[in-house]
Structure formats: structure tokens, C-alpha cells
Amino acid sequence: MTETSSPPLASVEAGGWPPRLVFATTNPGKLREVGEILAAEGVAVVGVDAVVPGWSVDEVGATFAENARLKARDLAARSGLPALGDDSGLEVDALGGRPGVRSARYAGGHATDVENTALLLRELADVPDERRGAAFRCALALAWPDGRLVEADGRCGGRIARAPRGRGGFGYDPVFVDPATGRTFGELSAEAKNGFSHRRRALDALRRALAMR
Ligand code: ITT
């Protein structure tokens with residue numbers, strides 16, 4: 001009798017990344033970063049437009065984690081595929097943690113990255129260098145159509161520059177200074193940012209959580 005080619009049960013049940021997932025984001029910067037990081041781990045990251053064109057969800061959560069969960073669960077249900085949600089943003093010490101979960105809407109509902117960044121610099125105009133600490137936060141949720149959910153988060157500390165520098169990255173990157181190099185995330189290469197960013201740390205934590213299931 002010939003052996004079947006089915007994988008042993010253990011490899012099906014064991015933790016680890018699904019080979020293909022859809023990313024519940026409309027932000028091309030996030031898609032690029034997560035696509036690059038997970039490609040190195042053999043995971044195919046599919047953009048939402050290829051699966052559910054025009055997808056969006058109301059981000060009504062009070063925390064990054066709640067919003068990441070909302071995005072992932074909604075898209076997993078609509079697409080029938082494992083779906084990754086990312087909710088992220090900037091917490092600024094001198095602003096009591098603002099803009100936080102409202103980072104994308106800081107300067108208004110349809111604010112651009114440039115408008116959000118300009119408002120941040122105006123609000124911090126009188127804040128001295130030693131009080132310009134901040135952190136990027138990233139919450140991730142991976143949801144399956146059958147209801148399973150695995151979550152993780154990552155944080156990256158830095159400070160807010162006095163003016164934008166660099167053209168790399170997206171969002172608040174040109175005003176977020178990495179304390180180790182003194183460069184803004186906008187001045188770092190994609191490879192350098194992806195080496196230690198809040199998103200990289202959250203993906204590392206998610207990989208560990210998946211492996212422990
Ligand atoms: P989706 O909800 O569709 O994923 P979004 O851009 O609206 O896209 P969020 O609601 O999570 O995503 O808002 C994140 C905000 O924080 C947004 O203003 C981003 O520009 C900013 N942000 C998140 N990660 C960042 C990073 O790595 N570098 C710079 N800014 C970042």
C-alpha cells in the first residue's frame with residue numbers, strides 16, 4: 001500500500017504563520033513594510049484590494065488592540081482567509097499620549113500625513129528638547145474565518161524632531177527621531193527601519209505567540 005502525501009497531523013496543528021494571509025489595511029506604507037518583513041519568512045501577504053475591493057471598517061475601538069481586532073475579524077469574515085489587522089500610531093509624552101489611537105485623524109477626518117505632522121510640530125513648538133519623548137505603538141491581530149484570534153504588540157521609543165527630515169517611510173516617520181542614530185525614521189533605509197520598528201517588534205511577538213499555540 002502506498003503512503004498518502006497528507007502532512008502529518010502535527011504539522012497541521014502546530015503553530016506558525018499561515019502560508020498566505022490578507023492584510024486588513026488601506027495604508028500602502030504598512031502593506032509595503034509587512035509584505036517585506038513576512039516575505040523573508042515565506043508568508044505571502046495579499047493586499048485587501050485584491051480580495052475585497054473598497055474594504056473599510058469603522059475604527060470605533062478605544063485602544064490600538066481593539067481596532068486591530070476589529071479590522072482582522074471583519075476581513076477574515078468577508079474574505080474567508082486568515083486576515084491580519086494593524087492599528088498603530090504615535091504617543092507623545094508632552095501631549096499626555098496623544099494623538100494615540102487618533103493618529104490617522106489627528107488633523108481631521110481625511111487629514112494627510114503632511115497635515116498631521118504639521119499639527120504635531122505646531123503643538124510642540126514650545127516644548128524643549130528634553131521633553132519631546134514619544135513612542136510608536138503597533139497592535140496586531142491575526143484572525144481566521146473560524147473565529148480563532150492571535151494578538152501581539154510592539155513599541156519603539158524616540159523623540160519628536162523640530163522639523164521634518166528625510167523622505168523614507170510614511171506617516172510621522174520624518175519627525176520621529178531614533179535615539180540610537182539621531183536620524184528620523186524618514187532618513188533611515190526601509191531595511192533599517194524594518195530591523196527594529198514597532199511593527200517589526202509586533203510581528204516578532206506575533207510569531208512567538210503563533211509558535212506557542
Ligand atoms: P488602516 O486603518 O487602513 O490600516 P491607517 O493609516 O488609517 O490605515 P491607523 O488607523 O492604524 O492606520 O493609523 C495609523 C496612524 O499612525 C497613521 O496616521 C500612520 O501614518 C501612523 N503610523 C503608523 N505606523 C507608522 C509608522 O511606522 N511610521 C509613521 N507613521 C505611522
Side-chain angles (χ1 to χ4, degrees), residues 21-37 45-49 51-75 78 83-92 95 97-121 134-143 151 153-161 164-178 183-203:
L21 58 83
V22 56
F23 191 8
T25 186
T26 58
N27 184 318
K30 291 184 185 179
L31 180 61
R32 193 172 54 241
E33 291 183 3
V34 170
E36 283 172 11
I37 293 170
V45 177
V46 180
V48 69
D49 277 342
V51 181
V52 184
W55 173 86
S56 75
V57 69
D58 284 340
E59 296 182 28
V60 294
T63 62
F64 294 115
E66 273 180 57
N67 283 332
R69 218 176 290 145
L70 279 174
K71 295 177 197 184
R73 282 197 163 133
D74 184 85
L75 189 59
R78 291 205 215 184
L84 180 70
D86 168 319
D87 202 65
S88 41
L90 185 65
E91 290 181 339
V92 178
L95 300 177
R98 284 192 298 119
V101 289
R102 298 192 50 82
S103 292
R105 296 158 275 161
Y106 184 37
H110 298 283
T112 63
D113 289 345
V114 169
E115 289 166 344
N116 284 331
T117 302
L119 175 59
L120 180 66
L121 293 180
F136 270 135
R137 299 265 315 272
C138 175
L140 295 177
L142 183 58
E151 299 170 280
D153 56 32
R155 179 186 183 282
C156 192
R159 61 186 169 76
I160 304 301
R165 298 197 313 261
R167 294 168 162 268
F170 65 96
Y172 295 92
D173 281 343
V175 296
F176 187 82
V177 179
D178 162 36
R183 295 181 166 206
T184 69
F185 274 20
E187 294 176 305
L188 295 180
S189 66
E191 207 176 21
K193 179 185 171 188
N194 285 345
F196 67 92
S197 71
H198 48 306
R199 190 158 290 106
R200 153 64 68 153
R201 289 173 178 167
L203 285 165

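Residue numbers start at 1 and run along the sequence shown. Just so you know, ligand 1 is whichever comes first in the structure, and atom 1 is the first atom listed for that ligand.
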Approximate separation, where rounding is to 0.5 Å, of Asp87 CG and Leu70 CG: 9.0 Å
Nearest-contact summary for atom 10 (O) of ligand 1 - protein heavy atom, Å: Glu59 OE1, 2.9 Å
Set of residues satisfying side-chain contact (heavy atoms from CB on, under 4.5 Å) with respect to Ala143, sequence neighbours excluded: Ala72, Arg73, Ala76, Leu149
Among Leu75, Leu140, Thr25, Val45, side-chain contact (heavy atoms from CB on, under 4.5 Å) partner for Leu84: Leu140
Mutual orientation of the aromatic rings belonging to Phe185 and His198 [parallel < 30°, tilted 30-60°, perpendicular > 60°]: parallel
Proximal ligand 1 atoms for Asp87, defined as those under 4.0 Å from one of its heavy atoms: 9 (P), 10 (O), 11 (O)
Check: Tyr172 side chain, Ser103 main-chain N or O, donor-acceptor pair, under 3.5 Å: yes
Sub-4.0 Å heavy-atom approach of Phe170 to ligand 1: yes
For atom 2 (O) of ligand 1, the option (of Lys71, Glu33, Arg200) bearing the nearest heavy atom: Lys71
Asp86 vs Ser88, side chain to side chain donor-acceptor pair (under 3.5 Å): CA-CA, chis, key distance, verdict: CA-CA 6 Å; Asp86 168 319; Ser88 41; 2.8 Å; yes
Atom indices of ligand 1 within 4.0 angstrom of Gly171 heavy atoms, with elements: 20 (O), 29 (C), 30 (N)
Closest approach of any protein heavy atom to atom 18 (O) of ligand 1, naming residue and atom: Ala104 CA, 3.2 Å
Nearest non-hydrogen protein atom, atom 28 (N) of ligand 1: Asp173 OD1, 2.7 Å
Subset of ligand 1 atoms that lie under 4.0 Å from at least one heavy atom of Ser103: 15 (C), 16 (O), 18 (O)
Whether His198 lies under 4.0 Å from ligand 1, heavy atom: yes
Shortest protein contact, atom 8 (O) of ligand 1 (heavy atom only): Asn27 CB, 3.5 Å
Sub-4.0 Å atoms of ligand 1 with respect to non-hydrogen atoms of Asp113: 20 (O)
Residue part near ligand 1, for Asn67, under 4.0 Å between non-hydrogen atoms: neither
Heavy-atom side-chain contact between Asn116 and Leu90 under 4.5 Å: no
Per-atom contacts of ligand 1 with Lys193, taking only distances under 4.0 Å to non-hydrogen atoms: 26 (C), 27 (O), 28 (N)
For atom 23 (C) of ligand 1, closest protein heavy-atom neighbour: Ser88 OG, 3.2 Å
Shortest protein contact, atom 30 (N) of ligand 1 (heavy atom only): Tyr172 N, 3.1 Å
Those residues that, when tested against Asp49, pass side-chain contact (heavy atoms from CB on, under 4.5 Å) (two or more places apart): none
Closest protein heavy atom (residue, atom, distance) for atom 4 (O) of ligand 1: Thr25 OG1, 2.6 Å
Check: Asn194 side chain, Arg200 main-chain N or O, donor-acceptor pair, under 3.5 Å: no
Lys30, Arg199, Arg102: member with heavy atom nearest to atom 24 (N) of ligand 1: Arg199
Note, Trp55 side chain near Val22 side chain (heavy atom, < 4.5 Å): no
Glu187 side chain to Thr184 backbone, donor-acceptor under 3.5 Å: yes
